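A short worksheet on the structure shown next.
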Amino acid sequence: MSIDNHRPLSASDRVDDRTVVGDIDTRRLPMYEAGAIDVPFVIAGMYENVSRDTLWEEHSHPTHELLWSERGASSATIGPRIWTITPAIALWIPAGVRHSGWTPGGTLLRAAQFSIAAVPSISPGPVAVEASPLLRLLLDRLTVDDIDADSRAMTETMVLDILAPAPNELLLRVPESALLAPIVAAVGADPSDGTQLAEWAKRLGVSARTITRAFLAETGVGFARWIATARVQHAITLLAEGEDIDDIAFTVGFRSSSAFGTAFRRVTGMSPGRFREQ
């Protein structure tokens, strides 16, 4: 099925405000509590060929939401966590959960909304979902205008039957302490920043052990593992844009393609080449 335009969901997901400054499209959507609006569907889908880099300000839906990409990669921020969304790894956001998003220009963005009256959340909180070819085909089917009621009901039942959390998730927990803020800012501005732990300790006037303990307490991983995960998340966007794998490894700060491949497999469960093929 060819999808190359925009299909809005419903009045409950209208864009309240939209501004374009330079190449950045900023959109403001409403805040809704779970179930605040009764919706006339079990599952409803939308798609948009995003032409500009787009920032979705923090918002929430009265329905559960599943986000994935037909082309490209985007991200959603929920509290201190940043989730990467790709054609293979979707993100389930329960109704009422506040989130913001970033969608690079050229992304073919997909979303499905699920009625909370008909569909219990598959998780108490946000969770990655494997966007298998079968799941994507079924969700595509639900965007066809002339689908009859029986076919729609059967397709929805099949979607709900296979919808489940993924074994791997593309998640970066961002530390929020003032101590680690300079490190987070530096890596966010330039993922290839090669400042070592000892140098950061010297700059921040603390011991390397203090920084390591802070990362473990706030993110569950140490300094080096967090840096590698942040780099891999950035690399995923470049892979989706078709960049050469060796060039990506250098761009995000790995000294070799093999080191990049090792870190990428640790985060995603597969090699960069296989990830791109999905």
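Note that these values count all heavy atoms, side chains included, but never hydrogens, waters or copies made by symmetry. Just so we're clear, the structure is a prediction, and the values are computed from it rather than from any experiment.
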Determine, stepwise, if the pair I85 / I89 fulfils side chain to side chain contact (heavy atoms under 4.5 Å, CB included).
CA-CA 6 Å; I85 300 161; I89 303 294; over 6 Å; no
Looking at [X] and [Y], would you say the former's side chain and the latter's main chain have a donor-acceptor pair under 3.5 Å?
| X | Y | result |
| --- | --- | --- |
| T237 | A73 | no |
| S256 | A259 | yes |
| T251 | D247 | yes |
| H64 | F114 | no |

Within the structure provided, determine whether [X] and [Y] are in side-chain contact (heavy-atom separation under 4.5 Å).
| X | Y | answer |
| --- | --- | --- |
| T103 | D53 | no |
| P165 | I122 | yes |
| V184 | W226 | yes |
| L109 | N49 | no |
| S74 | P104 | yes |
| I82 | Q233 | yes |
| F223 | I183 | yes |
| W83 | I93 | no |

So which heavy atom on [X] is nearest to which on [Y], and how close?
| X | Y | answer |
| --- | --- | --- |
| S257 | A249 | CA-CB, 4.2 Å |
| I147 | V144 | CG2-O, 3.2 Å |
| R52 | D25 | CB-CB, 4.3 Å |
| V97 | S60 | O-CB, 3.6 Å |
| A36 | Y32 | CB-CD2, 4.2 Å |
| P87 | G72 | CD-O, 3.3 Å |

Among all residues two or more places apart in sequence or in another chain, which pass the salt bridge (charged side-chain N to carboxylate O under 4.0 Å, His left out) test with E199?
R203
Would you check, one step at a time, whether the test side chain to side chain contact (heavy atoms under 4.5 Å, CB included) holds for R141 with R152?
CA-CA 8 Å; R141 177 67 172 155; R152 172 173 288 279; over 6 Å; no
Using the ring of each side chain (for Trp, its six-membered ring), is H59 parallel, tilted or perpendicular to W56, with breaks at 30° and 60°?
tilted
Given R231, which of V267, I236, V252 fulfils the side chain to side chain contact (heavy atoms under 4.5 Å, CB included) condition?
V252
Please report the interatomic distance [atom1]([X]) to [atom2]([Y]), rounded to the nearest 0.5 Å.
| X | Y | atom1 | atom2 | value |
| --- | --- | --- | --- | --- |
| I227 | T195 | CD1 | OG1 | 8.5 Å |
| T229 | F264 | OG1 | CZ | 11.5 Å |
| Y47 | R71 | OH | CZ | 13.5 Å |
| L180 | F215 | CG | CZ | 4.5 Å |
| L179 | E218 | CG | CD | 8.0 Å |
| W102 | T107 | CH2 | OG1 | 10.0 Å |

For a salt bridge (charged side-chain N to carboxylate O under 4.0 Å, His left out) check, start with the C-alpha distance between E65 and R98, then their side-chain angles and the critical distance, and finish with the verdict.
CA-CA 11 Å; E65 182 174 45; R98 295 188 174 194; over 6 Å; no
Single-linkage hydrophobic cluster, 4.5 Å side-chain cutoff, V187 and I211 together:
yes
Side chain to side chain contact (heavy atoms under 4.5 Å, CB included) for H99 and H61? Distances and angles first, verdict last.
CA-CA 9 Å; H99 57 284; H61 303 284; 3.5 Å; yes
Are E48 and R27 ion-paired here, with the side-chain N under 4.0 Å from a carboxylate O?
yes
List the steps and the verdict of side chain to side chain contact (heavy atoms under 4.5 Å, CB included) for L163 and W92.
CA-CA 10 Å; L163 193 63; W92 175 270; 3.4 Å; yes
